[in-house]
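Proteins get letters first, then strands, A, B, ... in listed order; numbering begins at 1 in each.
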Protein chains: 2
Amino acid sequence: MKIGQLARKTGAERQTIRYYESLRLLDEPRRNSSGYRVYDDDAARRLMFIKRAKSIGLTLSEIRTLIEISVGKANRCEEIRSFAEDKLRDVREKISHLQTIEKALSDLKGLCESSGDDLHCPFIETLLDDCIKEN
Amino acid sequence: MKIGQLARKTGAERQTIRYYESLRLLDEPRRNSSGYRVYDDDAARRLMFIKRAKSIGLTLSEIRTLIEISVGKANRCEEIRSFAEDKLRDVREKISHLQTIEKALSDLKGLCESSGDDLHCPFIETLLDDCIKEN
DNA sequence: CTGAACCTTAAAGTATACTATAAGCTGTAT
DNA sequence: ATACAGCTTATAGTATACTTTAAGGTTCAG
C-alpha cells in the first residue's frame, strides 16, 4: 500500500501521514525501489487508533505517550489508567469552565431580552460595569 | 499614563497592549514629545473590557467585532443580542462535545478498573477495537 | 512519448494569542 | 556622568495541528 491508498483507506491526508511520521506517531515505513513509502495494515490500524484517540480529546503528544507506553512488550496498564484519570480531570475542568462561561453569556443575553435599546445595550453596559468593579 | 503604568493598572503586559493596538482593539494613543504612548482612563477601561470579554470566552476577533458594533454612536443592541446568541450556541456545542468525550474516557477508565493486566490493557484494546469497527 | 496521477523533500504559511529578542532612544536618580 | 528603568520599532519564536507550495522524480494509460 502506498501513501495515497493509505490516505484513502483511513480518510487522512497524505501530508498528515508524513507529518505524523515526523512526530514519530507512525513508524518509518519501508521504501520500494523508487523511494516511495510502503505501508501494511498495521500502519492503517495505527492511523485509525490515532484518529479515535483524537476524537476522545487527546492531543498528538498525548497520543504519542500512549503509543510509547503501549507498544513495548507490555501495555503497562496501571500507567495507562492513571493517564486516563488525568485526562478525565482535564476534560471535567474544561466543562466546568465552559459552564461558567455559559452562565455568564446567558445572563447577559437575558438582560438583552428584558431591557435595552440602542443607546443602552445591557450586554455592553454590563461588561463595562464589570470592568469598573474589577478595577 | 505611559504604557508601563497602564500595564500595571490593568494587569496586561506592555507587549500585549501594543499587540492589541496592532489588532485595532485599542485606539492609537497620542504620543508625547519623545514618541511615547500616552493613555487616559478610557484606554484602561477598554483594556478591562477586553479582559472581561476574553474571560467569557470571546476571541480577540469577536471582541473587535463587539467593539466595532458598540463604539459607533449607538450600540445596535439587537445585533449584539444575536451575537450573544451565536456565542452561546457555540459554547453549548463545545460543552456537549466535551461531555461525549468525558463519557468515552470514563467508560474506558471503568474498564481499566474492572479488568486488565499489562498484557491486556482494556483502554488500549478498546481503542483498537473501535478502530477496527470503524474500518 | 506525452500527460496525468502519484510520489519525494524541505520550507513556508495558517490560525490564535501572545512572548521574546535585538538594537537603540529617553528620563531620572545618584 | 553613568547606570538603570522605561520607552520605541521590527522581527522572530512558541504551541498545536496541520496545509500549502515549490521543484522535481516515477509510473502507467493511451
Rounded to the nearest 0.5 Å, what separates atom [atom1] in [X] from atom [atom2] in [Y]?
X       : Y       : atom1 : atom2 : result
A:Ile67 : A:Tyr20 : CD1   : OH    : 10.0 Å
A:Ser55 : B:His97 : OG    : NE2   : 7.0 Å
A:Arg46 : A:Asp41 : CZ    : CG    : 14.0 Å
A:Asp27 : A:Asp40 : CG    : CG    : 9.0 Å

Between atom [atom1] in [X] and atom [atom2] in [N], what is the gap in whole Å?
X       : N      : atom1 : atom2 : value
A:Leu23 : D:dT16 : CG    : P     : 10 Å
A:Met1  : C:dC7  : CE    : C1'   : 16 Å
A:Ile17 : D:dC18 : CD1   : P     : 12 Å
A:Arg8  : C:dC7  : CZ    : C1'   : 12 Å
A:Lys2  : D:dG25 : NZ    : P     : 18 Å
A:Arg14 : D:dT20 : CZ    : P     : 11 Å
B:Ile3  : C:dC25 : CD1   : P     : 20 Å
A:Arg30 : C:dC7  : CZ    : P     : 15 Å

Open item on the list: As a test of reading the structure: which of C:dT9, D:dT9, C:dT26 is closest to the side chain of B:Ser34, going by heavy atoms?
Closed with: C:dT26
Open item on the list: Starting the side chain at C-beta, find the nucleotide from C:dT9, D:dT9, D:dC7 nearest to B:Arg37.
Closed with: D:dT9
- [ ] Would you indicate, yes or no, if C:dT16 has its OP1 or OP2 atom less than 4.0 angstrom from a side-chain nitrogen or oxygen of B:Arg64?
- [x] no
- [ ] Have a look at B:Arg18 and say if it touches a base, only the backbone sugar-phosphate, or nothing, with a 4.0 Å heavy-atom cut-off.
- [x] base
Open item on the list: For a 4.5 angstrom cut-off between non-hydrogen side-chain atoms, does A:Leu88 reach B:Glu102?
Closed with: yes
TODO: Evaluate the side-chain proximity of A:Lys51 to A:Lys54: yes if any heavy-atom separation is below 4.5 Å, no if none is.
DONE: no
At a cut-off of 3.5 Å, list every protein nitrogen or oxygen paired with a nitrogen or oxygen from nucleotides 17-21 of chain C, distance to 0.1 Å.
| unit_1 | atom_1 | unit_2 | atom_2 | d |
| --- | --- | --- | --- | --- |
| C:dA17 | OP1 | B:Leu60 | N | 3.4 |
| C:dA17 | OP2 | B:Leu60 | N | 3.2 |
| C:dA17 | N7 | B:Tyr19 | OH | 3.3 |
| C:dC18 | OP2 | B:Tyr20 | OH | 2.8 |
| C:dC18 | OP2 | B:Lys54 | NZ | 3.2 |

- [ ] Salt-bridge test for A:Arg81 and A:Glu85: reply yes if a basic N is under 4.0 Å from a carboxylate O, no otherwise.
- [x] yes
- [ ] Indicate, with yes or no, if B:Ile3 and B:Tyr36 share a hydrophobic cluster defined by side-chain heavy-atom contacts under 4.5 Å among Ile, Leu, Val, Met, Phe, Trp and Tyr.
- [x] no
TODO: Determine whether more than 12 heavy atoms belonging to other residues, nucleotides or ligands lie under 6.0 Å from atom CZ of A:Arg30.
DONE: no
Task: Of residues 96-103 of chain A, the positions that come close to DNA chain D - non-hydrogen atoms, cut-off under 4.0 Å - done: none
Open item on the list: Between the base of D:dG25 and the side chain of A:Tyr36, is there a donor and acceptor pair under 3.5 angstrom?
Closed with: yes
